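Source: prediction; values computed, not measured. Residue numbers start from 1 in every chain, and the chains themselves are labelled A, B, ... in the order their sequence lines are given, proteins ahead of strands.
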Amino acid sequence: MTLKIATWNVNSIRTRLSHVTTWLQENPVDVLCLQETKVIDQDFPRSSLEDLGYHLEIFGQKSYNGVAILSRTPLQSVSLGFAPIVGATLAEDFDDQKRVITGIYAGIRIVNLYVPNGSAMGSEKYEYKLRWFKVLYEYLKILQHSPVLPASPSILICGDFNIALEDIDIHDPTGREKQVMATDAERLALRSILDLGFQDAFRKFTLEGGHFSWWDYRAAAFRRNLGWRIDHHYLTPDLYEQAIACTIDKAPRSLEQPSDHTPVIVELEVKL
DNA sequence: ATGGCAGTTCCTAACTGA
């Protein structure tokens, strides 16, 4: 059985609703992870997506951030934010920003993340991003090893990471040492996560640069392919072995009034 | 060094994003 799981930062689900429904009709994935929904839960446009046959789990807030998971069958063991997993002390105030949602689909623990942007190197938001990663690290360690959570050694982390891990993930890495999304500290923070035992699904199939998932709205960046690859699928070894494709669908970025990100899809060949 | 574009709200200005 082939499972298709996609991630897409839609930059407002209400503004992008027609793009998402059209895309799902043409790309009936099993699971779609959304970021930057930018809407409180009571105003989330549920019915338009449920009418397409999807179950929804949402974790939103007003104006900013917000994550959601759409799935063909209901998720199990759903958890919103850091606190239910790591506890209130470690979570501090990090759940004030709705950036983390997880659930189990077909035995796979799916973790959908909207990583903080970081604004600029050295800024308060940049420090927040790095501290956020420390909490994420503890969160994932618990998901991997908790004796109380449902057994799920298979974990897929996806979402908008706001980090380009390698220079080939940036159209022009000149000066990247001081550029947010590419600084050494951010890359090290992401590496520490991967060192828990995750591999980049996209790089199983594509080794060269020039493949991006986000293009700035300004300066005709998309037309000139001046992009960054910052939306990722990271897999535990068993899932990495089962991955048969990982693709970036640039089509939605070409539409009128697009999100600045475009979907990334991973296909897994799993045993029933 | 800056802005460039887009979405949101305390909505025609200010913020956040990346």
Quiz prompt | P-based separation of B:dT16 from B:dC10 [nearest Å] | solution = 14 Å
Self-check item: A:E36 or A:A219, whichever maps to the more 5' nucleotide of DNA chain B
Solution: A:A219
Exercise. Using the C1' atom on both, measure B:dT12 against B:dA18 and round to a whole Å.
Key: 25 Å
Self-check item: Euclidean distance, atom CZ of residue A:R16 to atom C1' of B:dC5 [Å, nearest integer]
Solution: 12 Å
Practice problem: Grab the OH-C1' distance between A:Y217 and B:dA18 for me, whole Å please. | Solution: 11 Å
Quiz prompt | Nearest-nucleotide 5' precedence on DNA chain B, A:S12 against A:N9 | solution = A:S12
Quiz item: Between the side chains of A:D231 and A:T7, is a donor N or O closer than 3.5 angstrom to an acceptor N or O?
Solution: no
Self-check item: Residues in contact with DNA chain B, drawn from residues 113-137 of chain A - heavy-atom cutoff 4.0 Å
Solution: A:Y114, A:N117, A:K125
Quiz item: Which part of the nucleic acid, if any, lies within reach of A:Q179 when heavy atoms closer than 4.0 Å are counted: base, sugar-phosphate only, or nothing?
Solution: nothing
Quiz item: Using a cut-off of less than 4.0 Å, is there contact between a side-chain N or O of A:T15 and OP1 or OP2 of B:dT8?
Solution: yes
Exercise. Specify the separation, in whole Å, of atom CD1 of A:I13 and atom C1' of B:dT8.
Key: 15 Å
Quiz item: Atom CG of A:N162 and atom CD1 of A:I230: how far apart are they, to the nearest 0.5 Å?
Solution: 5.0 Å
Quiz item: Could you state the CZ-P distance from A:R218 to B:dA6, rounded to the nearest angstrom?
Solution: 10 Å
Quiz prompt | Under-4.0 Å side-chain N/O to phosphate OP1/OP2 contact, A:H261 with B:dG17 | solution = no
Exercise. For B:dA13 versus B:dG4, give the span between their P atoms, rounded off to a whole number of Å.
Key: 15 Å
Quiz item: Would you say the side-chain atoms of A:K38 and A:N11 include a donor-acceptor pair closer than 3.5 Å?
Solution: yes
Self-check item: Between P of B:dG17 and CD of A:Q61, the distance in whole Å
Solution: 10 Å
Quiz item: A:D216 CG to B:dT16 P: how many Å, rounded?
Solution: 18 Å
Quiz item: Which is true for A:D231 with a 4.0 Å heavy-atom rule: it touches a base, it touches only sugar-phosphate, or it touches nothing?
Solution: nothing
Exercise. For B:dA6 and B:dA1, measure between their C1' atoms and round to the nearest Å.
Key: 23 Å
Self-check item: Under-4.0 Å salt bridge between A:R187 and A:D167
Solution: yes
Quiz item: Could you give the CG-to-P distance, from A:N65 to B:dG17, as a whole number of Å?
Solution: 7 Å
Practice problem: Please list all pairs passing the side chain to side chain donor-acceptor pair (under 3.5 Å) test where one or both residues lie in residues 85-94 of chain A, with sequence neighbours left out. | Solution: none
Quiz item: For the pair made of CD in A:E186 and C1' in B:dA18, what is the distance, rounded to whole Å?
Solution: 11 Å
Quiz item: Would you say A:N11 reaches B:dT8's phosphate, i.e. side-chain N/O to OP1/OP2 under 4.0 Å?
Solution: no
Quiz item: If you look at every heavy atom in A:V86 and A:A91, which pair is closest and at what distance?
Solution: CG2-N, 3.8 Å
Quiz item: Would A:F198 and A:Y240 count as a close aromatic pair, with their ring centres under 6.0 Å?
Solution: no
Quiz item: Any chance the side chains of A:R109 and A:T102 put a donor and an acceptor closer than 3.5 Å?
Solution: yes
